[in-house]
S.K.: 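One structure is given below, represented as structure tokens, and several questions about it will come after.
All residue numbers in this chain count up from 1 along the given sequence. Computed over heavy atoms, backbone and side chain alike; hydrogens, waters and symmetry mates excluded.
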Amino acid sequence: MPASTGPSTATASGGSIPYRPALTLLASLFFMWGFITVINGALLPHLRSVFVLDYTRTTLIESVWFIAYFVASIPSAKLIERIGYKRSMVVGLLAMAVGALAMVPAARLASYELVLIALFVIASGITLLQVAANPYVAVIGPPATSSSRLNLVQAFNSLGTTLAPLFAGYLILSRSKGGVADGEVVLTAAERYADAQTVILPYIIVAAVLVLLAVVIARFPLPSMHNASRRATAAERKGLSLWKHRNLVWGVPAIFIYLIAEIGVANLFINFVSQPNIAAISHAEAARYLAILWGGMMVGRFIGSFLTHRFPADKVLAVFAIGAFAAMIVTTFTSGPLAMWALISVGLFHSIMFPTIFTLGIKGLGPLTEEGSGLLIMAIAGGALVVVQGWLADTYGLQLSFLLTAVCELYILFYALWGSKPTNALPDLQPETAA
């Protein structure tokens with residue numbers, strides 16, 4: 001974090017507890033949900049061979065994951081209101097641990113349906129963490145540096161997404177028959193059952209880490225968030241409408257559509273690059289290249305942070321959207337290493353999209369910022385529609401299915417150039433200053 005944020009003894013709003021130790025601990029939450037989310041993407045080709053799935057049923061696994069964002073967002077907000085942010089974070093971590101442990105019987109029984117249930121539970125826990133941690137990070141320190149804090153913890157999220165494919169590739173794909181085979185392989189029933197068992201140890205490790213983190217957060221003196229400011233702004237919301245703000249109205253579908261693009265690329269990456277006409281490598285080797293894609297997102301966020309400090313955020317977003325569109329066209333209509341590296345480069349161009357769209361979407365909402373933020377977080381459920389790309393891959397071919405991603409990039413370009421312009425902007429509310 002930049003030195004301008006103040007000394008390490010700076011306190012959280014309304015409290016006497018230093019916020020930097022709390023921020024360090026919260027960064028681990030962002031790391032873990034990024035790590036676990038991407039493990040699932042790396043697992044898709046593995047589960048595809050274990051359960052003999054077509055692309056539609058393969059991407060349905062990820063769709064179930066993102067459906068949880070839509071289903072669990074409002075209950076998560078209600079739970080936070082009832083038990084508070086700290087306890088909600090603990091509940092979210094424990095829910096994720098329960099889902100991770102459910103992968104053990106799912107593997108023992110080789111049950112596709114139980115895998116879907118386990119992943120839904122994990123995703124519901126992550127949704128609770130998202131709803132709790134994002135606003136918490138924004139308010140625990142000085143208001144002027146809230147953006148810096150969010151960018152910092154998002155970098156840790158990207159670190160988790162970068163390391164996850166390596167973890168999955170080493171402990172799962174490299175230990176399975178389907179994972180070390182060149183391209184697609186037809187496994188016997190015994191080989192498929194043996195491959196299913198390889199997920200047990202990794203998910204037990206993940207569950208243990210989640211429980212440990214829950215215990216640490218439960219015992220850590222996190223700064224409290226007071227309800228006074230929320231009650232004070234409730235009266236100001238009367239007579240105001242979210243739908244008068246163009247940047248939010250077009251921003252919600254922008255988040256929704258962006259998630260289709262991001263998740264589609266990540267989920268089908270390993271299957272795509274392992275094809276004979278692309279890189280002709282094993283799934284385990286392809287997982288290492290997937291780590292490069294996620295690493296590009298981490299690097300891109302640092303670059304984007306630098307650029308958006310010097311140029312308007314909407315202009316930077318437009319340039320990145322054009323770059324992503326060009327990369328997807330190259331991916332779709334070329335072959336060999338060029339197509340593979342074009343797809344990898346999309347990670348760099350996607351890097352700034354979610355945080356930049358989110359920031360542009362809530363600009364000028366004033367006392368409506370909380371409601372607008374909630375809608376934008378719920379729009380993460382757009383990742384569930386990756387099943388559409390799975391259907392396109394089955395119907396027209398895997399490579400041509402990436403034209404859907406290219407169309408998504410064009411919508412992001414539209415949002416950057418026109419949809420993100422605020423209308424009926426209200427004065428931004430200032431949270432309580434640090435004590």
S.K.: Could you tell me whether the side chain of Y415 and the main chain of I255 form a donor-acceptor pair under 3.5 Å?
M.R.: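 Such a contact is absent between Y415 side chain and I255 backbone.
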S.K.: Which pair of non-hydrogen atoms, one from A321 and one from M353, has the smallest distance, and what is that distance?
M.R.: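 In this case the closest contact between A321 and M353 is CA-CE, 3.7 Å.
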S.K.: Looking at S158 and W294, would you say the former's side chain and the latter's main chain have a donor-acceptor pair under 3.5 Å?
M.R.: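 Looks like no, no N/O pair under 3.5 Å.
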S.K.: With no hydrogens and no angle check, is any side-chain donor or acceptor of S124 less than 3.5 Å from a backbone partner on A72?
M.R.: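 No, S124 side chain to A72 backbone: no donor-acceptor pair under 3.5 Å.
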S.K.: Under 30°, 30 to 60°, or over 60°: which ring-plane class applies to Y258 and F354, parallel, tilted or perpendicular?
M.R.: tilted
S.K.: Parallel under 30°, tilted from 30 to 60°, perpendicular over 60°: which one fits the rings of F35 and F31?
M.R.: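 Answer is parallel, since the angle falls under 30°.
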S.K.: Checking S274 side chain against N271 main chain: does a donor-acceptor pair fall under 3.5 Å?
M.R.: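 Flag set: sc S274 to bb N271 pair under 3.5 Å.
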S.K.: Considering all heavy atoms of both residues, which atom of G304 and which atom of I352 are nearest to each other, and what is their separation?
M.R.: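 Answer, listing the atom of G304 first, then I352: CA-CG2, 3.5 Å.
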S.K.: Which atoms form the tightest heavy-atom contact between A286 and I270, and what is the distance?
M.R.: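 Of all heavy-atom pairs spanning A286 and I270, the closest is CB-CG2, 3.8 Å.
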S.K.: For the residue pair W250 and Y411, categorise the inter-ring angle as parallel (less than 30°), tilted (30 to 60°) or perpendicular (more than 60°).
M.R.: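 Aromatic pair W250/Y411 classed tilted.
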S.K.: Do other residues, nucleotides or ligands put more than 12 heavy atoms under 6.0 Å from R87 CZ?
M.R.: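 Open: at most 12 neighbouring heavy atoms sit under 6.0 Å from CZ of R87.
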S.K.: Got more than 12 heavy atoms from elsewhere within 6.0 Å of OH, Y289?
M.R.: no
S.K.: Enumerate, atom names and distances included, each donor-acceptor pair closer than 3.5 Å involving a side-chain atom of residues 111-119, sequence neighbours excluded.
M.R.:
| unit_1 | atom_1 | unit_2 | atom_2 | d |
| --- | --- | --- | --- | --- |
| S111 | OG | L114 | N | 3.1 |
| Y112 | OH | R57 | O | 2.9 |

S.K.: Check this for me: F70, atom CZ, are more than 12 non-hydrogen atoms of other residues, nucleotides or ligands nearer than 6.0 Å?
M.R.: no
S.K.: Indicate the atoms forming the closest heavy-atom contact of H245 with T423, along with that distance.
M.R.: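 The answer is ND1-O, 3.2 Å.
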S.K.: Quick check on the 6.0 Å ring-centre criterion: do F272 and F269 meet it?
M.R.: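 No, they do not, as the ring centres are separated by 6.0 Å or more.
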S.K.: Strictly distance-based, threshold 3.5 Å: is any side-chain N or O of N247 a donor or acceptor partner for the main-chain N or O of G361?
M.R.: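 Such a contact is found between N247 side chain and G361 backbone.
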